[in-house]
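Take a look at the following structure, please.
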Amino acid sequence: MNDKIKIKKMQEAADILSLILQEVAATAQEGVNLLELEELADTLCTQYKVKPAFKKYQGYPSSVCLGLNDIVVHGIPFDYELVDGDILSIDMGVKHRGVFSDCAVTVMIGDVSPEARKFVETTKQAVLNAIAQAKPGNTIGDIGNAIQTTVEKEGYSPVEEMVGHGIGYELHEMPYIPGIGKKGEGEKLYKGQTIAIEAIINQGSREIFISAEDGWTSFTKDGMLSALFEHTVVVDDNPRILTKW
Ligand code: MF3
Ligand code: CO
């Protein structure tokens with residue numbers, strides 16, 4: 001199948017995913033339970049006739065990944081009511097007409113501390129700076145470098161174990177796209193390539209551990225915050241962002 005058709009379908013998938021993610025994000029308020037957010041995401045997938053891409057992916061049990069405070073990625077929704085000052089990453093993927101889209105935001109609940117706010121805003125800026133590098137002829141290293149330099153300037157740490165990825169007919173395709181890198185190094189990007197660019201950033205040390213209990217949820221080792229922003233993007237001279245926050 002040709003690339004134009006694939007990208008057109010990916011835009012449709014991304015449009016639906018964006019609507020769902022925006023609604024889930026708007027619902028994430030003080031007093032709301034994480035399990036309600038999972039249920040909402042699921043209901044919206046049914047309503048829009050898309051498949052939640054993460055559910056049953058390598059055994060992952062839920063439709064969304066929710067990263068409360070020190071949770072890095074792959075947080076399985078659990079019984080918890082959001083409180084003022086929490087930060088929460090909401091990561092979701094959908095499959096629609098044979099193609100995938102993947103997107104994540106970190107929301108701030110009520111009055112978060114100025115430090116947490118600056119941290120979340122910097123992580124968002126990191127993914128936007130990385131997307132600006134998604135041009136033909138640039139490399140994977142240029143993307144990683146944009147994320148790394150943006151956050152390290154403020155004393156934050158990219159998580160090396162967790163990466164962005166190619167996306168299209170599969171949720172995860174080659175290449176891996178780390179949040180660290182050297183300018184000009186690594187594989188070259190090409191026009192029309194479809195990728196999920198993710199900034200996965202810890203406020204303190206880069207070290208993480210994975211829950212022994214569920215085998216999925218990853219936490220910062222030092223207990224400090226972690227934030228995540230992700231977009232599905234088409235490589236072009238003007239990089240094209242398919243998803244919307
Ligand atoms: N956006 C994340 C990723 O691309 C979430 C995947 S969750 C999983 O890795 F369950 F699908 F693994
Ligand atoms: Co992803």
Side-chain angles (χ1 to χ4, degrees), residues 10 13-14 16-18 20-22 24-25 28 34-35 37-38 41-42 45 50-68 71-78 87-96 99-107 123-124 126-128 130-131 134 140 143-144 147 158-181 189 193-202 208-211 213-220 226-235 239 241-245:
M10 286 182 71
I16 297 170
L17 173 60
S18 302
I20 296 173
L21 195 61
Q22 282 167 18
V24 174
L34 301 186
L35 297 176
L37 298 180
E38 164 69 16
D42 236 9
C45 283
V50 293
K51 198 172 154 265
F54 300 169
K55 200 168 201 161
K56 302 206 170 108
Y57 180 88
Q58 294 182 1
Y60 185 77
S62 308
S63 294
V64 277
C65 296
L66 297 176
L68 178 71
I71 293 178
V72 180
V73 289
H74 304 160
I76 299 172
F78 60 100
I87 71 166
L88 181 75
S89 67
I90 307 171
D91 185 0
M92 193 167 170
V94 300
K95 185 178 190 185
H96 167 74
V99 297
F100 287 85
S101 187
D102 190 1
C103 189
V105 288
T106 298
V107 295
T123 303
K124 183 194 277 189
V127 83
L128 295 174
I131 291 167
I140 300 293
I143 291 181
I147 294 174
V159 174
E160 294 181 25
E161 296 88 335
M162 303 293 175
V163 296
H165 48 92
I167 183 168
Y169 296 117
E170 300 293 339
L171 174 63
H172 292 142
E173 296 181 353
M174 293 308 284
Y176 295 129
I177 306 176
I180 56 166
L189 302 166
Q193 188 175 11
T194 47
I195 55 179
I197 299 182
E198 310 194 30
I200 304 162
I201 309 300
N202 287 354
I208 64 168
F209 69 94
I210 295 172
S211 158
E213 222 169 295
D214 66 33
W216 280 101
T217 310
S218 56
F219 296 86
T220 62
S226 192
L228 162 68
F229 284 88
E230 175 179 18
H231 267 317
T232 300
V233 173
V234 185
V235 174
I241 310 178
L242 298 182
T243 38
K244 269 192 217 80
W245 294 323

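Whatever order the structure lists ligands and atoms in, that order sets their numbers, starting from 1. Only this structure's heavy atoms are used, side chains among them; waters, hydrogens and symmetry mates stay out. If you're wondering where the values come from, they're calculated on a predicted model, not measured in any experiment.
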- Does Ser226 use its side chain to pair, donor to acceptor, with the backbone of Ile201 at less than 3.5 Å? yes

- Query: Less than 6.0 Å separating the ring centroids of Tyr57 and His172?
  - Reply: yes

- Answer yes if the side chains of His165 and Asp102 hold a donor-acceptor pair under 3.5 Å, and no otherwise.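 The answer is yes; a qualifying pair exists.
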
- Task: Verify the distance criterion only: is there a donor paired with an acceptor across the side chains of Ser218 and His74 at less than 3.5 Å?
- Result: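 His74 and Ser218 do not have a side-chain donor-acceptor pair below 3.5 Å.
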
- May I ask whether Met162 has any heavy atom positioned less than 4.0 angstrom from an atom of ligand 1?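 No, that is not the case, since the closest heavy atom of the residue is not under 4.0 Å from the ligand.
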
- Message: Under 3.5 Å, is there a donor on one side chain and an acceptor on the other for Asn202 and Thr220?
- Response: no

- Task: Using non-hydrogen atoms of the residue, decide whether Glu198 is closer than 4.0 angstrom to ligand 1.
- Result: yes

- Message: When you compare the side chain of Ile197 with that of Glu230, does any pair of heavy atoms fall below 4.5 Å?
- Response: no

- Any N or O of His165 that comes nearer than 3.5 Å to an N or O of ligand 1?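 N/O-N/O distance under 3.5 Å: yes.
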
- Can a non-hydrogen atom of Cys65 be found less than 4.0 Å from any atom of ligand 1?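 A heavy atom of Cys65 does come that close to ligand 1.
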
- Query: Does His165 bring an N, O or S atom to within less than 2.8 Å of the Co ion (ligand 2)?
  - Reply: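 His165 does place an N, O or S atom closer than 2.8 Å to the Co ion (ligand 2).
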
- Nearest to atom 8 (C) of ligand 1, what protein heavy atom do you find, and at what distance?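 Protein heavy atom with the smallest distance to atom 8 (C) of ligand 1: Tyr57 CD2, 3.8 Å.
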
- In the protein, which heavy atom is nearest to atom 2 (C) of ligand 1, and how far is it?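 Result: Asp91 OD2, 3.1 Å.
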
- Message: So if I apply the side-chain contact (heavy atoms from CB on, under 4.5 Å) rule between Ser89 and each of Leu68, Thr106, Val64, which one comes out positive?
- Response: Thr106

- Query: With a cut-off of 2.8 Å, does Asp91 place any N/O/S atom under that distance from the Co ion (ligand 2)?
  - Reply: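 Given the 2.8 Å cut-off, Asp91 does not count as a ligand of the Co ion (ligand 2).
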
- Is the Trp245 ring parallel, tilted or perpendicular to the Phe229 ring (thresholds 30°, 60°)?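 Aromatic pair Trp245/Phe229 classed perpendicular.
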
- Task: For Phe209, look at atom CZ and say whether over 12 heavy atoms of other residues, nucleotides or ligands are found less than 6.0 Å away.
- Result: yes

- Nearest to the Co ion (ligand 2), which N, O or S atom of Glu230 do we find?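 Considering only N, O and S atoms, Glu230 comes nearest to the Co ion (ligand 2) through OE2.
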
- Query: Heavy atom under 4.0 Å from ligand 1: found in Phe54's side chain, backbone, both, or neither?
  - Reply: both

- Side-chain contact, heavy-atom cut-off 4.5 Å: Leu37 with Leu66? yes

- Message: If I consider every N, O or S atom in Glu198, which one ends up closest to the Co ion (ligand 2)? I only need its name.
- Response: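 It is OE2 of Glu198.
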
- Can you name the N/O/S atom of Asp102 that is nearest the Co ion (ligand 2)?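 Per the distance ranking, Asp102 contributes OD2 as its closest N/O/S atom to the Co ion (ligand 2).
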
- Distance-only N or O hit between ligand 1 and Glu230, under 3.5 Å: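 By distance alone, the answer is yes.
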
- Item | Which residue and heavy atom of the protein sit nearest atom 3 (C) of ligand 1, plus the separation |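 Among all protein heavy atoms, the one nearest atom 3 (C) of ligand 1 is His172 NE2, 3.2 Å.
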
- Message: At less than 4.0 angstrom from any non-hydrogen atom of Tyr60, what atoms of ligand 1 do you find?
- Response: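 Numbered from 1, ligand 1 contributes 10 (F).
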
